[in-house]
Amino acid sequence: MSTSSYKSYKIIQYENRIEVSTIKDFSLKDIFSCGQCFRWLPTDDGNGYIGVVKDRVARMYFNDGTLTIFGANYDDFCNIWYDYLDLGTDYGLIKKQLAAIDSNLDAAVNFGAGIRILKQEPFETLISFIISANNNIPRIRGIIEKLAKQYGEKIEFEKKFYRKFPECEILGSSCENELSLCCHAGYRCAYIEKTCKQFMQSPFESDMLKNMSLAQARKFLLGYMGVGNKVADCILLFTGSHLDAFPVDVWVKRVMQTLYFQKEISIKQVELFAHEHFGDLAGYAQQYLFYYAREKML
DNA sequence: CCCCAGGCAGTTA
DNA sequence: TAACTGCCTGGG
């Protein structure tokens, strides 16, 4: 066991885990079930979550401000988990600012008080949200796991085997028909095949998107087959590239109509209103509102 | 049998 | 540029 610190966090490292203390505004349930990711599942004991990020499997628990990560050491925390879990952002401040905007957001940020917007891998996010289109969450998860099992590298963790998300080159070398037989993603398989080939030609990194304006970055992502406005905004938000992106899906449209309009309106109108009303915090607002809508309104 | 699910591409007017 | 339509698949 050894004690150290990184940024504002105290870290105790044990043989098979680390404990990170004094974390505020944080809940694993809120983070992993607010709709931004597909590969985290509750642990068998029901108290934590286990998931795969990059080439790592981690098992996490959170109690009284202390995050325990099995499968991580101090260096992993600094190089992977600190950024992935967005531990450098002051969510207390963000929630305070959002709550001051109106009573709807006040309720939403209190409901999802532990949400953090994960900084996820560009390629994985791209493919995952292409799969998400006109689909339901259990199926999306299933399709991604089938792809990982077929095309992803094997990882051993605590005597069990897991799979990395597939590399673009591997996934892209598979044809539509082969993909379809593997993962049953239907017509989305053609999008996956095409987009992998496009990504090999013109990949993107979060920093690259950050250097573009929101509109430019969105237009860039729309160039990939199977990426429309909503999926593009999800990629911008969930890779941590543009935290002012405001993805409008059926849930967000529904909750915005109910809370702000009391009538049917177009997606375009929702987007315009959100950017005017929430400004730079639009992406955060979207997550709190989406989670609030999904868990409370139905 | 129907409808729906975290939209998208392709086609019209 | 806005409106319309068909769509793999699996579950209810």
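Values reported hereafter were calculated over all heavy atoms of this structure, with side chains retained and with hydrogens, waters and symmetry mates removed.
- Atoms CZ (A/F32) and P (B/dG6) sit 21 Å apart, rounded to a whole Å.
- In this structure, A/K268 places its NZ atom 17 Å from P of B/dG7, rounding to the nearest Å.
- Between A/F273 and A/H277, the ring planes lie parallel to each other; the angle is under 30°, not in the 30° to 60° tilted range.
- Within the shown strands, B/dT11 is the pairing partner of C/dA3 under the Watson-Crick or G-U definition, both distances less than 3.5 Å.
- Toward the 5' end of DNA chain B, the nearer of the two residues A/V227 and A/G35, judged by each one's closest nucleotide, is A/G35.
- When the side-chain nitrogen and oxygen atoms of A/R139 are compared with OP1 and OP2 of B/dA5, none of them lie within a distance under 4.0 Å.
- Taking 3.5 Å as the limit, the base of B/dG7 and the side chain of A/Y191 contain no donor-acceptor pair of atoms between them.
- As rounded to whole Å, 12 Å separates atom P of B/dC8 from atom CG of A/L221.
- With respect to A/R163 and A/E124, no salt bridge is recorded, no charged nitrogen being found less than 4.0 Å from a carboxylate O.
- In this structure, A/I192 atom CD1 and B/dA9 atom C1' are separated by 16 Å, rounded to whole Å.
- Nucleotide B/dG7 holds its P atom 13 Å from the CG atom of A/N229, rounded to whole Å.
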Original post:
Please walk me through it: do A/F238 and A/F129 pass ring-ring contact (aromatic ring centres under 6.0 Å, His included)?
Top reply: CA-CA 10 Å; A/F238 302 137; A/F129 280 91; 5.4 Å; yes

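- The aromatic rings of A/F32 and A/Y49 sit tilted, their planes meeting at an angle between 30° and 60°.
- Both A/G228 and A/R188 lie close to DNA chain B; mapped to their nearest nucleotides by heavy-atom distance, the more 5′-ward contact belongs to A/R188.
- Computed from coordinates, the A/L126 CG to B/dG7 P distance equals 17 Å when rounded to whole Å.
- If you take CG of A/N177 and P of C/dC8, they are 13 Å apart, rounded to a whole angstrom.
- In this entry the distance linking CD of A/E271 with P of C/dT1 reads 14 Å, nearest Å.
- At the heavy-atom level, A/Y224 lies under 4.0 Å from the strands shown only through sugar-phosphate atoms.
- The phosphate of C/dC8 (OP1 or OP2) has no side-chain N or O of A/H184 nearer than 4.0 angstrom.
- Closest to the A/V231 side chain, of the nucleotides B/dA9, B/dC8, B/dG6, is B/dC8.
- In this structure, A/F246 and A/H275 have perpendicular ring planes: the angle between them is above 60°, well past the 30° mark.
- Note on A/I137: a base of the nucleic acid sits closer than 4.0 angstrom, heavy atoms only.
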